[in-house]
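Throughout, protein chains are lettered first and strands after them, A, B, ... in sequence-line order, and every chain is numbered starting at 1.
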Amino acid sequence: MNFWLFKSEPDVFSILDLKKSKNQTTCWDGVRNYQARNFLRDSIKKGDGVLFYHSNSDPLAVVGICEVVEEGYPDFTAWEKDNEHFDPASTPGKPVWYMVDIRLKEIFNNPVTLAALKAEPKLNDMKLLQRGNRLSVMPVAKNEWDLIIKMGA
DNA sequence: GCCAACGTTGGC
DNA sequence: GCCAACGTTGGC
């Protein structure tokens, strides 16, 4: 079992939107970055844990946790012409982009803010905190996961 | 709104 | 294959 962090802009899709979704489950569509795509397609497995992070918002924070309920499959929004994430390079026969499904497990009582993450020396190596990092899907170490879960509870 | 950092594109 | 130009991300 592995752990991940997914970023989402709450103006676009927040953890409350996830809570309101059918079965509190959503497909994580729209990722159009190859490194993140590779994680979605190859590495993220059913049962893995996901930290749900709100970016470009106030507060910036890990706001809850989710579980992967469906492993990588083609992101069909890429071949919907009217979709904001349409990409003519991707076709049903030869998909370029992938997504997974996640289900809400818990909304933190105490969202773990970016400032709090930065203030914790044990989290110095977190990918999220590394300079210039712009990945929207990234791995999280088990010790980081365990600590953040405690901080958020 | 600014801007640093980074990914992608496309001419050569 | 190089690299300048451009677009995007995302914290501040």
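Annotation: the span from A:Leu51 atom CG to A:Ile65 atom CD1 amounts to 7.5 Å, rounded to 0.5 Å. The NZ atom of A:Lys118 sits 11.5 Å away from atom CG of A:Asn124, with the distance rounded to the nearest 0.5 Å.
A:Asp87 is linked by a salt bridge (Lys or Arg N to Asp or Glu O under 4.0 Å) to nothing, counting only residues two or more places apart in sequence or in another chain. Residues meeting the side-chain contact (heavy atoms from CB on, under 4.5 Å) test with A:Thr26, sequence neighbours left out: A:Phe13, A:Leu18, A:Trp28, A:Ile102. Partners of A:Val12 by side-chain contact (heavy atoms from CB on, under 4.5 Å), not counting sequence neighbours, listed by chain and number: A:Glu9.
Paired with A:Val62 under the rule side chain to side chain contact (heavy atoms under 4.5 Å, CB included), one option of A:Ile149, A:Thr113, A:Leu5, A:Leu114 passes, and it is A:Leu5.
Evaluation of the ring pair (Phe, Tyr, Trp, His ring centres under 6.0 Å) test over residues 54-94 of chain A, restricted to residues two or more places apart or in two chains, returns A:Phe52-A:His54.
Proximity of residues 75-89 of chain A to DNA chain C (heavy atom under 4.0 angstrom from any strand atom) is not detected for any residue.
Within the 4.5 Å cutoff, no side-chain heavy atoms of A:Glu144 are placed close to those of A:Leu117.
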Sequence-aligned protein contact record of nucleotides 7-12 of chain C, with B where the base is within under 4.0 Å of a protein heavy atom and S where only the sugar-phosphate is
BBBBBS
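Per the geometry, CG belonging to A:Leu129 stands 16 Å off P belonging to B:dA5, to the nearest Å.
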